[in-house]
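Worksheet: the structure to be examined is printed underneath.
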Amino acid sequence: MMILTISTPPHFRFWATVSSHGWCMLPPFDYDDGARTLSRVQQLRDGRVVRLTLSEAPGGLAIAVEGAAPSPDEQAEIIGAVNHMLNLDRDFSDFYAHISGHPRYGWIETVGAGRMLSSPTVWEDLTKTLLTTNTTWNMTIQMCRRLITLGDPYPAGGYAFPTPERLAAMNPDDLNAQVRAGYRGAYLHELANRIASGELDVESWRDPALPSADLYKRIKGLKGFGDYAAGSMLKLLGHFDRLATDTACRAVYRDRINGGNAAADDREIAAYYAPFGRWQGLVQWMDVMEDDLRHL
DNA sequence: TTCCAGGGGTAGA
DNA sequence: TCTACCCATGGA
């Protein structure tokens, strides 16, 4: 086993990032709340499959790599993947400046929350986001568990996330017989096809220079991605100027902000978060996650 | 049985 | 722009 170490930005909080949303529960991610480690089986560009385990280390993070010892190029690839996963290149100082001292949101800076856990690839984030639509969180986990068995296995257990090429090569009916994604199965197969064929270069969507309005339009152009899914994806891509209002957000707004009174219209919810401007999507998500994050 | 979940596509006004 | 209806799946 090889240990790689990386440094992290000044206000980085490892466990607040891992716990930022449900992604750490979706395989190939796996986490240990007691030991505060995040693991995943990861396939490298040359096809080799390794297992990564991240933990805090003095000055940054330790990345334990199990499997064959990675070459220098592979080490760089692994570090790049971890940078994507933990969004280490994003700066949240302006976010904290916005909410600093706010009566409702002061806890966010105290906990160091805000940075979100992403997947190493945009493809994986798109797939998982699609599997969160119109279903329960438990069903999302089950669909994801079945999906990754289509990826390459790690000898000691687990699977790497399947490539778009792998899914595109399958018959759509066979794919859905395995994943049981319901009507989403056809959308997933179409997404895999458009990426595998080269029609879509979704990995380029991580470019911070891309305007979020442009990205939003591109994401909504994908079958199965509406306002919630596109807003959700924007967050994983580092843009927070859009809301992603789903049933969880509506319930939180009703119970906590609207005093448990009536269910609010989406326009009312939008008006409440609008003053947070480019950070409104993140503030909305922090409301949903408050109970899980504020006592980390 | 019916309803619905971290919704979205489509047709018709 | 808004509404009505449909969509697979599995738990409540």
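Chain naming here is simple, since letters A, B, ... match the order of the sequence lines and numbering starts at 1 in each.
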Does a donor on one side chain and an acceptor on the other come within less than 3.5 Å for [X] and [Y]?
X        : Y        : answer
A:Tyr228 : A:Thr132 : yes
A:Ser93  : A:Asp91  : yes
A:Ser119 : A:Asp125 : yes

task = Look at the aromatic rings of A:Phe276 and A:His102 and report parallel, tilted or perpendicular, splitting at 30° and 60°.
result =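 Answer is tilted, since the angle falls between 30° and 60°.
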
key: N/O donor-acceptor pair under 3.5 Å between A:Arg166 side chain and A:Leu150 backbone   =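 Side chain of A:Arg166 to backbone of A:Leu150: a pair is present.
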
query = Taking only residues two or more places apart in sequence, or in another chain, which ones meet A:Phe95 in a ring pair (Phe, Tyr, Trp, His ring centres under 6.0 Å)?
reply =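 Listed in chain order: A:Trp279.
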
task = Name all residues meeting the ring pair (Phe, Tyr, Trp, His ring centres under 6.0 Å) criterion together with A:Trp23; count only those two or more places apart in sequence or in a different chain, and write none if there are none.
result =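 In terms of ring pair (Phe, Tyr, Trp, His ring centres under 6.0 Å), with neighbours along the sequence ignored, A:Trp23 is linked to A:His21.
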
Answer with base, sugar-phosphate or nothing: what part of the nucleic acid does [X] contact at a heavy-atom distance below 4.0 Å?
X        : result
A:Gly22  : base
A:Ser232 : base
A:Asp227 : sugar-phosphate
A:Trp285 : base

Distance between the [atom1] atoms of [N] and [M], in whole angstroms?
N      : M      : atom1 : answer
B:dA11 : C:dA8  : P     : 15 Å
B:dT1  : C:dA12 : C1'   : 12 Å
B:dC4  : C:dC6  : P     : 16 Å
B:dC3  : C:dC5  : P     : 13 Å

ask   = Where along residues 214-226 of chain A does a heavy atom come under 4.0 Å from DNA chain B, residue by residue in number order?
value =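 Contacting residues: A:Leu222, A:Lys223, A:Gly224, A:Phe225, A:Gly226.
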
request  = Heavy atoms under 4.0 Å is the rule here; annotate nucleotides 4-9 of chain C 5' to 3' with B where the base is hit, S where only the sugar-phosphate is, and - elsewhere.
outcome  = ---BBB

query = What is the distance from CH2 of A:Trp137 to P of C:dG10, rounded to the nearest Å?
reply =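 The answer, rounded to whole Å, is 18 Å.
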
query = Honestly, is A:Arg36 close enough over A:Phe14, meaning NZ or CZ under 6.0 Å from the six-membered ring centre and within 45° of the axis?
reply =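 No, A:Arg36 does not sit over the ring of A:Phe14.
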
key: For A:Asp174, all residues meeting salt bridge (charged side-chain N to carboxylate O under 4.0 Å, His left out), sequence neighbours excluded   =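 Listed in chain order: nothing, the list is empty.
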
5' to 3' contact window, DNA chain B with chain A (heavy-atom distance under 4.0 Å) =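 Nucleotide range with atoms under 4.0 Å of chain A: B:dA5 to B:dT10.
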
ask   = More than 12 foreign heavy atoms under 6.0 Å from OH of A:Tyr105: is that the case here?
value =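 It does: A:Tyr105 OH has more than 12 such atoms within range.
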
request  = Just do the ring-ring contact (aromatic ring centres under 6.0 Å, His included) check on A:Tyr272 and A:Tyr253 with the steps written out, would you?
outcome  = CA-CA 9 Å; A:Tyr272 170 78; A:Tyr253 186 87; 5.6 Å; yes

